[in-house]
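Each remark here refers to the structure printed beneath this line.
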Protein chains: 2
Amino acid sequence: MTSRPFHHGNLRAVLLEQAEVMLREGGVDALSLRELARQAGVSHGAPRSHFIDRQALLDALAVQGFDRFADRIRAALASPGDLAERCRLVGRAYVDFAVDDAALMELMFAAKTTDPAGPVQAAAARLFQLFDDAVAAATDDPADDGARIRFQLLFAATMQGTATLIAARRITRAQGEVVVDDATDALLSSELGVRLLPRR
Amino acid sequence: MTSRPFHHGNLRAVLLEQAEVMLREGGVDALSLRELARQAGVSHGAPRSHFIDRQALLDALAVQGFDRFADRIRAALASPGDLAERCRLVGRAYVDFAVDDAALMELMFAAKTTDPAGPVQAAAARLFQLFDDAVAAATDDPADDGARIRFQLLFAATMQGTATLIAARRITRAQGEVVVDDATDALLSSELGVRLLPRR
DNA sequence: ACCTGAACACCGTTCAAGT
DNA sequence: ACCTGAACACCGTTCAAGT
């Protein structure tokens with residue numbers, strides 16, 4: 001209702017905000033620069049001043065997405081409870097985000113942005129660093145880098161895959177929660193899990 | 001070099017074949033009906049006789065993809081070796097397919113086709129039925145449907161996620177193989193795995 | 001520095017018409 | 001049944017010009 005606060009300084013922010021809405025409503029395909037410009041009340045050439053092309057806007061959305069994702073994971077990691085319980089919570093936060101923002105998630109993990117030095121890959125690295133730190137803090141053997149990486153990759157892969165199966169409607173959300181719990185149990189009781197985190 | 005064998009009966013097949021090439025080379029975005037028609041030497045309206053719209057062609061590609069995927073999994077399941085070894089092979093076949101045909105895989109698991117009675121979901125069901133049959137054949141407790149489903153979902157999720165992480169260039173292919181092996185070990189030695197497959 | 005507006009080349013989709 | 005070709009509405013991108 002409130003008319004957009006003018007389009008002087010903040011067109012970039014307005015475009016990003018509206019883009020996220022369009023993304024959630026119609027997926028990547030529904031995201032059009034011209035439509036975005038129309039909604040913002042500017043000419044179709046205006047976005048060019050802030051995003052060199054469509055991919056640049058998608059990249060910016062991906063960076064935002066990774067940062068927001070990281071916030072959720074951080075919150076789950078900081079929750080009370082023992083290690084297994086916190087693992088489950090992180091897993092659910094992972095899957096919840098990936099399912100609720102499925103189109104954004106697709107964007108984040110689409111390999112369009114292959115540049116390893118780019119801001120998207122950097123934002124992704126910040127997210128995955130959280131897992132690394134969390135496992136490092138919980139382990140009895142902080143020096144065992146190899147096992148730590150293997151453990152967290154296995155964890156991330158399982159959650160990522162669970163989210164994909166839900167998004168593809170191969171399984172329901174409820175089934176997804178069971179998978180998360182089963183995965184947590186299997187991981188913590190595996191050779192790798194016991195080596196890193198003997199507590200329990 | 002060989003001029004297309006005319007476009008009488010087989011335009012549909014020609015379009016699909018060429019579409020798969022374009023898909024592999026440039027991703028979904030690079031797939032244009034008009035370009036496809038141009039390559040086939042027909043007018044831009046011709047594809048309409050075989051695919052009602054672009055999505056219909058994408059769906060047909062997805063169905064083909066699931067069937068080809070199923071062939072690979074079947075081959076891995078039929079290979080010699082003990083259960084753990086066959087699990088690893090299936091996992092690698094899963095990840096290999098998903099990485100080599102990343103764009104096709106994206107198409108297959110994109111939720112565009114939400115219709116549960118559609119041919120895409122049916123083709124997907126045929127694939128996942130293979131996992132179900134394989135676990136059922138290997139288990140000592142064929143009646144435990146719940147555990148079987150949970151086990152195979154956990155397996156599929158892990159492989160799917162591993163493939164996504166590789167495609168997103170978060171991990172290398174070599175790291176992916178380690179994840180597959182670790183996942184196999186963790187799954188088979190988990191409570192769920194031991195319940196179903198006590199051998200070993 | 002930011003935005004406008006015309007221009008260009010490319011789409012998907014529809015549909016009457018041909019064979 | 002299958003294909004043509006014009007028509008329509010929509011894109012992304014470029015770029016000179018304005019402020």
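Throughout, protein chains are lettered first and strands after them, A, B, ... in sequence-line order, and every chain is numbered starting at 1.
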Over how many whole Å does the gap from A:Phe51 atom CZ to D:dT13 atom P extend? 13 Å
Are more than 12 heavy atoms, taken from residues, nucleotides or ligands other than B:Gln129, located less than 6.0 Å from that residue's CD atom? yes
Heavy-atom side-chain contact between B:Asp185 and B:Arg88 under 4.5 Å: yes
Looking across every strand, which nucleic acid part, if any, lies under 4.0 Å from B:Arg12 by heavy atom: base, sugar-phosphate, or nothing? nothing
Pair pattern of DNA chain D in dot-bracket, where unpaired bases get dots and | marks partners in another strand, Watson-Crick or G-U under 3.5 angstrom: ||.|||||...|||||.||
Check whether any side-chain N or O of A:His50 sits under 4.0 Å from OP1 or OP2 of C:dC3, and answer yes or no. yes
Can any side-chain N or O of A:Thr139 pair as donor or acceptor with the backbone N or O of A:Ala136 at less than 3.5 Å? no
Separation of atom CG in B:Asp29 from atom P in D:dT13, rounded to whole Å: 11 Å
Parallel, tilted or perpendicular: which one describes the rings of A:Tyr94 and A:Phe131, with boundaries at 30° and 60°? parallel
Can you tabulate the close N/O pairs, meaning under 3.5 Å, that link protein atoms to atoms of nucleotides 14-19 of chain D?
residue: D:dT14; atom: OP2; partner: A:Arg48; partner atom: NH2; Å: 2.9

Counting only heavy atoms from other residues, nucleotides and ligands, does the tally under 6.0 Å from CD of B:Glu85 exceed 12? yes
Any side-chain heavy atom of B:Gln39 sitting closer than 4.5 Å to one from B:Arg34? no
Hphob cluster co-occupancy, A:Val178 + B:Leu196, side-chain heavy atoms under 4.5 angstrom: no
Would you kindly give the CD-to-P distance between B:Glu35 and C:dC11, to the nearest whole Å? 6 Å
Could you check whether any side-chain heavy atom of A:Leu83 comes within less than 4.5 Å of a side-chain heavy atom of A:Leu188, counting everything from C-beta outward? yes
Taking atom P of D:dC3 as reference, at what distance in whole Å does atom CG of B:Leu33 sit? 14 Å
Nucleotide C:dC10, atom C1' - distance to CG of B:Leu31 in whole Å: 15 Å
Give a yes or no on whether the backbone of A:Cys87 and the side-chain of A:Arg92 come within a donor-acceptor separation of less than 3.5 Å. no
Spacing of B:Leu57 atom CG relative to C:dG12 atom C1', expressed in whole Å: 13 Å
Taking 4.0 Å as the cut-off, does a side-chain nitrogen or oxygen of B:Ser32 come that near to OP1 or OP2 on C:dG12? yes
Specify the separation, in whole Å, of atom CZ of A:Arg38 and atom C1' of C:dC3. 17 Å
Reading DNA chain D from 5' onward, which residue's closest nucleotide shows up sooner: B:Arg34 or B:Ser49? B:Ser49
What is the distance from CD of A:Gln55 to C1' of D:dC11, rounded to the nearest Å? 16 Å
